[in-house]
> 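My questions all concern the structure below.
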Amino acid sequence: ATEVLEAVNGERDAILIDTRRLAEYEGTEDRGDPRQGFIPGATYYYWEDVLDENDRLRGRDELLAEFQANSMWNTDALIIPYCQTGTRSATVYAVFRWLGHPSVKNYDGSWVEWSRDESFPVATPG
């Protein structure tokens with residue numbers, strides 16, 4: 001949480017990636033958390049989008065190109081995927097490692113932790 005907050009505050013060069021369902025990111029799906037929305041500055045990327053239509057991992061070149069095109073790939077930045085509890089985001093973490101990114105950390109506390117700490121900022125689209 002400390003490293004994520006540093007990223008939010010611009011004190012750490014990091015890319016936050018919210019890997020939950022779109023309704024969770026938008027704050028319209030309530031999963032019992034005290035606050036809804038996303039971590040400010042996070043890019044939305046649904047975790048299952050790393051899979052093809054047969055539920056197999058998409059190719060390296062295709063995934064790398066997609067991450068680059070969506071400003072989610074920067075080898076000088078720490079990549080921090082998160083979800084509700086760190087489970088779905090672990091897949092995206094593993095993909096970034098497989099692609100060879102040198103600095104990736106899964107935020108295992110994820111939204112469950114973030115939404116419960118009133119000192120942490122929360123954003124919603126719009």
Side-chain angles (χ1 to χ4, degrees):
T2 301
E3 290 174 302
V4 174
L5 187 58
E6 288 171 353
V8 170
N9 292 333
E11 300 164 359
R12 173 180 289 274
D13 190 10
I15 298 171
L16 303 172
I17 303 173
D18 189 316
T19 65
R20 300 174 297 161
R21 287 186 296 276
L22 185 58
E24 292 173 87
Y25 174 81
E26 292 174 338
T28 58
E29 180 180 341
D30 185 347
R31 297 206 42 187
D33 300 302
R35 299 184 294 163
Q36 310 306 315
F38 60 93
I39 298 173
T43 298
Y44 175 74
Y45 184 84
Y46 185 53
W47 76 276
E48 286 185 327
D49 287 347
V50 300
L51 306 174
D52 66 16
E53 62 279 354
N54 297 311
D55 291 330
R56 293 192 175 138
L57 190 59
R58 292 167 46 205
R60 284 178 182 264
D61 292 342
E62 183 182 358
L63 285 167
L64 182 57
E66 180 175 53
F67 292 142
Q68 289 171 333
N70 291 293
S71 301
M72 291 184 281
W73 187 272
N74 178 345
T75 55
D76 294 328
L78 173 63
I79 305 298
I80 307 174
Y82 73 92
C83 59
Q84 179 75 11
T85 61
T87 305
R88 293 175 281 180
S89 57
T91 300
V92 175
Y93 160 84
V95 167
F96 270 82
R97 291 295 306 256
W98 174 66
L99 292 172
H101 196 284
S103 185
V104 186
K105 290 186 178 182
N106 186 31
Y107 176 23
D108 61 346
S110 282
W111 191 251
V112 165
E113 177 179 67
W114 193 268
S115 69
R116 283 166 174 66
D117 190 326
E118 292 290 328
S119 71
F120 293 159
V122 171
T124 54

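Along the sequence shown, the residues carry numbers beginning at 1.
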> Is the closest basic N to carboxylate O distance between R20 and D18 below 4.0 Å?
yes

> Quick check, are the ring centers of Y45 and F67 under 6.0 angstrom apart?
yes

> When the side chains of residues 118-126 are checked against the rest of the protein, which donor-acceptor pairs come out under 3.5 Å, sequence neighbours left out?
from : atom 1 : to   : atom 2 : distance (Å)
S119 : OG     : D117 : OD1    : 2.6

> I'd like to know if the side chain of Y93 pairs up with that of R97 as donor and acceptor (distance under 3.5 Å, no hydrogens or angles considered).
yes

> The criterion is side-chain contact (heavy atoms from CB on, under 4.5 Å); which residues satisfy it with P34, sequence neighbours excluded?
S115, R116

> Answer yes or no: is there an ion pair linking E53 with R58, defined by an N-O contact shorter than 4.0 Å?
no

> Are the side chains of R12 and L78 in contact, using a 4.5 Å heavy-atom criterion?
yes

> Does either side chain, that of N74 or that of Q68, offer a donor lying less than 3.5 Å from an acceptor on the other one?
no

> Do V104 and P81 come within less than 4.5 Å of each other through their side chains, counting heavy atoms only?
yes

> Would you check if the distance from the ring center of F96 to the ring center of W73 is below 6.0 Å?
yes

> With ring pair (Phe, Tyr, Trp, His ring centres under 6.0 Å) as the rule and sequence neighbours excluded, what pairs involving residues 2-21 come up?
none

> A side-chain contact here means heavy atoms from C-beta on lying under 4.5 Å apart; do Y82 and V4 qualify?
no

> Would Y44 and E26 count as having a side-chain donor-acceptor pair, cut-off 3.5 Å?
no

> Given I17 and I80, is the side chain to side chain contact (heavy atoms under 4.5 Å, CB included) satisfied, shown in steps?
CA-CA 6 Å; I17 303 173; I80 307 174; over 6 Å; no

